[in-house]
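Model, not experiment: these values are computed from the prediction. Values reported hereafter were calculated over all heavy atoms of this structure, with side chains retained and with hydrogens, waters and symmetry mates removed.
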Amino acid sequence: MIRNILIGLGAIIGILAAVVLFRTASYGADPVGGRVELPQAPAISSDRGAQNLAAAIRFRTITVAPGDPRPGQEEPWIQLHQWLEETYPAAHAAMQKELVPGTLTLLYTWEGSDPALKPILLMAHQDVVPVNIGTEGDWTGAPFEGEIIDGYIYGRGTIDDKGSLVALMEAAEALAGSGFQPRRTVYFMFGHDEEVSGSGAEAGIALLKARGIEPEMALDEGFMIVDPSPLTGKPMGFIGIAEKGYLTLEIIATGEGGHSSTPPRDSAAVRLARAVVALDDNQMKADFSKPPVSDLFRSAANDMPFMQKMAFANLWLFEGMIDQQMSGIPAGNAMIRTTTAPTMLAGSAKENVLAQRASAMVNFRIHPNNTEEDILEHVRTVTAGIEGIEIKVGQQGIRGEGASPVSPTNNLAYAVLASVAEAISGGAPAAPGLVLGATDARYASAITPNVYRFAPAIMSPDDLTGFHGTNERLAVENMGRLATGYAQIILAMDAGE
């Protein structure tokens, strides 16, 4: 009897092992999306691009709050526009330039010869975040001087996002100078206030919509080739096919006030603390089953160590373990779930007075698998057992909207972007990804389902710390990659149907 049981258990274990190994061997065998043969781009100088980016950095197009630049503060944007016209004469001769009404957002139209082909929309933004006061001396190159030191252009906006803006114009100048005439109309849109609200891009998209324009692809900032990727330890291209949404809730706790010398055991501050800790202890559920997360892991599989690949190939068995490991890494946690971030706390106005009302602002970055109502229901459930808790949707903040739609990977646009990423990286895999912050691209989903977030550059994790931080910089070599990559994107989309 025991012998038969052991034989049966051995057979079950053998079958399970076979299933696990088979799924592991076949996992990630085919890349996500198609690929295309890339046209040859005209010769583009990295050094020229670097010098022009350095010049663009010197225009202090800084935004701090929605509504910037305020009346009378528009001069840096106006000077940047004039500089673009002077620096890229062939591009400006080939394209029609206009300002989106009521904004400083630039819209260029390069008219195609075949009106039956849907256009493409290429986006970047002119504005930059400020430098923290007192940190200017921590920079290797001054933040607004555009200094080139040891093969890097230093300055605020080199990565976010004047590098892409200048590279797009370098590509347009090279293509126009070579005599290229597009069949498919090309639009360039350079928002003026992405860092604070994106109202310029929003107005620009509304303008295109009013004109009945439905692009075949919209492309903006977001991802690039990362070397090494934290997922595999090897180079990997990431193409953003969605971005997270933004919601802030105000958690309010009420209780008895009075003098702190005779405090109750369950004050408003204590109730608020319990609610905040409960939300931190009970994160929203992760979901590995849907794009872009499912496709990201599948695309990376062939570069993963065997045990890691086995775990992702067999989520039915290892999902809990993967969730636990990724949850311990802030960026990994943000990729797989809607994140919960208590950010602002308020209570009594004096240290010896009990608060009758204590509040916390909790910011949620919404995963495409969740809605705002999902978050509200989650917060209500988690805090249901705490007396005196009220939940309100925050009225402050620059955004409050759900995650963007997830763009497809089975079309020409994704195939072109993946092909460019793999060509630039020397054959490293390209994978769809989820952009954790907000970009102007979120507005483009109003006119096209094919919205992507990718810049054809190679960056290290150290380079990426410059986003909104000290020593933001871009390699001179990347200016060549960016401009050439954008030119190839335009050419390949123009060649496709």
From CA spacing to verdict: side-chain hydrogen bond (donor to acceptor under 3.5 Å, both in side chains), H81, Q126: CA-CA 10 Å; H81 299 174; Q126 307 166 54; 2.7 Å; yes
E373 and R380 ion-paired at < 4.0 Å: yes
Under 6.0 Å between ring centres, would you say that holds for F180 and W110? yes
How about K97: does its NZ atom have over 12 heavy atoms from other parts shown lying under 6.0 Å from it? yes
Using every non-hydrogen atom in the two residues, find where H367 and R337 come nearest and quote the distance to one decimal. CD2-N, 3.6 Å
Kindly determine whether T24 and N314 satisfy side-chain hydrogen bond (donor to acceptor under 3.5 Å, both in side chains), including the steps that lead there. CA-CA 7 Å; T24 303; N314 295 275; 3.3 Å; yes
Taking G163's backbone N and O only, do any of them form a donor-acceptor pair with T158's side chain (distance below 3.5 Å, no angle check)? no
Please round to the nearest 0.5 Å and tell me the distance separating atom OG1 of T338 and atom CD1 of I366. 6.5 Å
I62/V129 under side-chain contact (heavy atoms from CB on, under 4.5 Å): CA gap, chis, key distance, verdict: CA-CA 6 Å; I62 301 168; V129 298; over 6 Å; no
When you look at W77 and F190, which way does the ring pair (Phe, Tyr, Trp, His ring centres under 6.0 Å) test go after all the steps? CA-CA 11 Å; W77 282 260; F190 301 146; over 10 Å; no
Can you tell me how far apart CG (L165) and CD (E221) are? Round to the nearest 0.5 Å. 10.5 Å
Please identify which of these residues, T248, T340, T343, meets the side-chain hydrogen bond (donor to acceptor under 3.5 Å, both in side chains) condition with N363. T248
Would you compute the distance between atom CD1 of I489 and atom CG of L122 and round it to the nearest 0.5 angstrom? 7.5 Å
Report the relative orientation of the aromatic rings in F223 and F238; use parallel for angles under 30°, tilted for 30 to 60°, perpendicular for over 60°. tilted
Side chain to side chain, L296 and M236, heavy atoms closer than 4.5 Å: yes
Report yes if the side chains of M123 and T439 come closer than 4.5 Å at any heavy-atom pair, otherwise no. no
I'd like to know if the side chain of N411 reaches the main chain of N450, judged simply by a donor and an acceptor atom lying under 3.5 Å from each other, with no hydrogens or angles considered. no
Please name the pair of heavy atoms, one in G222 and one in V435, separated by the smallest distance, quoted to 0.1 Å. CA-CG2, 4.2 Å
Indicate yes or no: at least one non-hydrogen side-chain atom of L249 is less than 4.5 angstrom from one of V379. yes
Over 60° means perpendicular and under 30° means parallel, so tell me whether W83 and Y88 are parallel, tilted or perpendicular. perpendicular
Do other residues, nucleotides or ligands put more than 12 heavy atoms under 6.0 Å from F467 CZ? yes
Do F188 and L107 have side-chain heavy atoms sitting under 4.5 Å apart? no
Does the side chain of P69 reach to within under 4.5 Å of the side chain of L104, using non-hydrogen atoms? yes
Just so I know, are the side chains of Y414 and P432 near enough to count as touching, which here means a heavy-atom distance under 4.5 Å? yes
Y486 and S164: side-chain hydrogen bond (donor to acceptor under 3.5 Å, both in side chains), yes or no, with the steps? CA-CA 9 Å; Y486 285 132; S164 287; 3.1 Å; yes
How close do I447 and K209 get, heavy atom to heavy atom, and via which atoms? CG2-CB, 3.6 Å
Could you point out which residue of D220, L208, L106, T109 forms a side chain to side chain contact (heavy atoms under 4.5 Å, CB included) with M189? L208
Check the pair D374, M284 against side-chain contact (heavy atoms from CB on, under 4.5 Å), reporting the backbone distance first and the verdict last. CA-CA 9 Å; D374 291 336; M284 294 195 68; 4.3 Å; yes
Which heavy atom of Y27 sits nearest to which heavy atom of R298, and what is that distance? OH-N, 3.3 Å
Among side-chain atoms of D127 and T63, is any donor-acceptor pair under 3.5 angstrom? yes
Do the side chains of R156 and E472 get close enough for a salt bridge, i.e. N-O under 4.0 angstrom? yes
To the nearest 0.5 Å, what is the distance between CG (L434) and NZ (K244)? 6.0 Å
Distance-only donor-acceptor check, side chains E170 and N52, under 3.5 Å: yes
Can D463 and R473 be counted as an ion pair, charged N to O under 4.0 angstrom? yes
Shortest non-hydrogen pair, R48 vs T87, comes out as NH2-O, 3.5 Å
Between D287 and K285, does at least one N-O distance fall below 4.0 Å, as a salt bridge requires? no
Does a side chain donor of either R184 or S113 reach within less than 3.5 Å of an acceptor in the other side chain? no
Between the OG atom in S178 and the CG atom in L491, the distance rounded to the nearest 0.5 Å is 7.5 Å
CA sep, side-chain torsions, deciding dist, call: T448, E214, side-chain contact (heavy atoms from CB on, under 4.5 Å): CA-CA 6 Å; T448 177; E214 299 178 354; 6.0 Å; no
Is atom CD of E250 surrounded by more than 12 heavy atoms (other residues, nucleotides or ligands) closer than 6.0 Å? yes
Applying side-chain contact (heavy atoms from CB on, under 4.5 Å) to K162 and H125, what does each step give before you reach the verdict? CA-CA 7 Å; K162 286 181 178 175; H125 63 87; over 6 Å; no
Rounded at 0.5 Å granularity, tell me how far CE in M479 sits from CD1 in I148. 10.0 Å
Is it true that D227 and K234 make a salt bridge, defined as a side-chain N closer than 4.0 Å to a carboxylate O? no
Hey, are the side chains of L247 and V393 touching, using non-hydrogen atoms and a 4.5 Å cut-off? yes
Polar side chain donor-acceptor pair, S199 to D193, under 3.5 angstrom: yes
Between S229 (side chain only) and V226 (backbone N and O only), is there a donor and an acceptor less than 3.5 Å apart? no
Set out, in order, the CA-CA distance, both residues' side-chain angles and the distance that settles salt bridge (Lys or Arg N to Asp or Glu O under 4.0 Å) for E422 and R35, then state yes or no. CA-CA 10 Å; E422 291 179 356; R35 299 295 185 270; 2.9 Å; yes
For D462 and T465: C-alpha separation, side-chain torsions, deciding distance, then whether side-chain hydrogen bond (donor to acceptor under 3.5 Å, both in side chains) applies. CA-CA 5 Å; D462 285 344; T465 63; 5.6 Å; no
Using every non-hydrogen atom in the two residues, find where S46 and G480 come nearest and quote the distance to one decimal. OG-CA, 3.2 Å
Anything under 30° is parallel, anything over 60° is perpendicular, the rest tilted; go ahead and classify H92 against Y108. perpendicular
Taking side chain to side chain contact (heavy atoms under 4.5 Å, CB included) as the test, write out the residues that go with N302, two or more places apart. K309
Under the ring-ring contact (aromatic ring centres under 6.0 Å, His included) test, residues paired with F144 that sit two or more places apart: none
Side chain to side chain, L219 and I120, heavy atoms closer than 4.5 Å: no
